[in-house]
Amino acid sequence: MSERPRLTVLSGPSGVGKSTVVAHMRKEYPEVWLSVSATTRKPRPGEKHGVHYFFVSDDEMDKLIANGELLEWAEFAGNRYGTPRAAVLEHLESGAPLLLEIDLQGARQVRESMEDALLVFLAPPSWEELVRRLTGRGTEPPEVIERRLDAAKIELAAEPEFDVTLVNTSVEDVARELLALVEVV
Ligand code: ADP
Ligand code: 5GP
């Protein structure tokens with residue numbers, strides 16, 4: 001038995017349903033701690049600073065990176081995203097299970113720096129359904145959707161790098177499966 005709580009990374013193409021699954025899981029099981037990332041992306045309607053992301057300027061992101069304050073970071077579809085290091089390390093000490101919802105490049109960095117992390121890939125039931133979800137969300141203009149779908153092709157090809165794949169057909173089922181993975185050490 002490990003003495004440390006498990007660090008679980010959830011990745012998968014944009015629009016597959018990562019945020020939806022995580023929100024569902026945390027509503028039922030608030031004890032699972034989710035890292036709040038910093039991003040240079042602008043907030044979507046309803047997104048709150050400090051809850052969904054820390055929304056930062058390019059200059060602020062430059063400083064976070066230069067000061068080594070991010071555990072990992074990546075550029076995704078024209079914006080930068082990163083995981084604040086201190087909060088993750090504090091939670092690892094506290095003993096609560098923790099979850100990072102980050103892109104493929106970030107997952108690879110965590111794999112390098114934290115060997116015992118569990119990497120979970122959330123896959124769509126089909127390519128057509130992924131396009132439908134990303135488009136149907138209605139939060140990005142067509143050119144950003146195209147960029148995200150280009151990234152999705154690369155991410156789907158990297159699925160074998162992950163420890164576990166969950167297919168997001170039913171939000172309830174996947175949330176339950178994810179919880180079981182997060183809690184098992
Ligand atoms: P991500 O965080 O991976 O970018 P979202 O959680 O924003 O994706 O989900 C993208 C869209 O797909 C949202 O409109 C969401 O309501 C929808 N969605 C998520 N999971 C499912 C599912 N299992 N079945 C149908 N629609 C889903
Ligand atoms: P979105 O703009 O849709 O919220 O997120 C776009 C992508 O960035 C998603 O794949 C999401 O998982 C990823 N992402 C969010 N936060 C981070 C982070 O801190 N680091 C990395 N590497 N990716 C992140």
Legend entry - Steps toward side-chain contact (heavy atoms from CB on, under 4.5 Å) verdict (Glu31, Arg26): CA-CA 7 Å; Glu31 69 272 19; Arg26 295 193 71 232; over 6 Å; no
Do the side chains of [Y] and [X] get nearer than 4.5 Å, heavy atoms only?
X: Leu166; Y: Leu181; answer: yes
X: Leu156; Y: Glu159; answer: no
X: Phe162; Y: Leu10; answer: no
X: Met25; Y: Leu99; answer: yes
X: Glu101; Y: Ser19; answer: yes
X: Val9; Y: Met114; answer: no
X: Val51; Y: Val36; answer: no
X: Val16; Y: Glu155; answer: no

Grab the two heavy atoms, one from [X] and one from [Y], that are nearest each other, plus how far apart they are.
X: Ala38; Y: Leu64; value: CB-CD1, 3.9 Å
X: Leu119; Y: Ala107; value: CD2-O, 3.8 Å
X: Leu122; Y: Val21; value: CD2-CG2, 4.2 Å
X: Phe76; Y: Ala151; value: CE1-CB, 3.8 Å

Inset, instruction - Could you please spell out the steps behind the salt bridge (Lys or Arg N to Asp or Glu O under 4.0 Å) verdict for Arg80 and Asp62? - result: CA-CA 10 Å; Arg80 285 181 292 170; Asp62 286 343; 2.9 Å; yes
Are the side chain of [X] and the backbone N or O of [Y] linked by a donor-acceptor pair below 3.5 Å?
X: Asn168; Y: Ala123; value: no
X: Ser11; Y: Ile102; value: yes
X: Glu93; Y: Glu90; value: no
X: Arg148; Y: Ala77; value: no

Indicate, with yes or no, if [Y] and [X] share a hydrophobic cluster defined by side-chain heavy-atom contacts under 4.5 Å among Ile, Leu, Val, Met, Phe, Trp and Tyr.
X: Leu92; Y: Val110; answer: yes
X: Val164; Y: Val167; answer: no
X: Phe55; Y: Val144; answer: no
X: Ile65; Y: Tyr53; answer: no
X: Tyr81; Y: Val88; answer: no

Residues [X] and [Y] bridged, charged N to O under 4.0 Å:
X: Arg147; Y: Asp150; value: no
X: Asp163; Y: Arg111; value: yes
X: Asp116; Y: Arg6; value: no
X: Arg133; Y: Glu129; value: yes

Inset, instruction - May I ask you to check whether over 12 heavy atoms, not counting those of Glu143, lie within 6.0 Å of atom CD? - result: yes
Distance (rounded to the nearest 0.5 Å) between [X] [atom1] and [Y] [atom2]:
X: His52; Y: Leu34; atom1: NE2; atom2: CG; answer: 10.0 Å
X: Leu134; Y: Ile145; atom1: CG; atom2: CD1; answer: 5.0 Å
X: Leu149; Y: Ser14; atom1: CG; atom2: OG; answer: 8.0 Å
X: Glu183; Y: Leu178; atom1: CD; atom2: CG; answer: 10.0 Å

Inset, instruction - Start with the C-alpha gap between Thr8 and Val120, add the side-chain angles, then the distance that decides, and say whether side-chain contact (heavy atoms from CB on, under 4.5 Å) holds. - result: CA-CA 7 Å; Thr8 304; Val120 180; 3.7 Å; yes
Inset, instruction - Would you mind listing every ring pair (Phe, Tyr, Trp, His ring centres under 6.0 Å) that reaches into residues 14-51, with sequence neighbours excluded? - result: Trp33-His91, His49-Phe54
Inset, instruction - Decide yes or no on side-chain contact (heavy atoms from CB on, under 4.5 Å) for Leu104 and Arg108, but give the supporting numbers first. - result: CA-CA 6 Å; Leu104 170 65; Arg108 286 176 172 156; 3.8 Å; yes
Determine all donor-acceptor pairs shorter than 3.5 Å in which one atom belongs to a side chain in residues 68-75; sequence neighbours excluded.
unit_1	atom_1	unit_2	atom_2	d
Glu69	OE2	Asn67	ND2	3.4
Glu72	OE2	Thr83	N	3.4
Glu72	OE2	Thr83	OG1	2.5

Inset, instruction - Consider only side-chain N and O atoms of Thr39 and Arg41, and report whether a donor and an acceptor are under 3.5 Å apart. - result: no
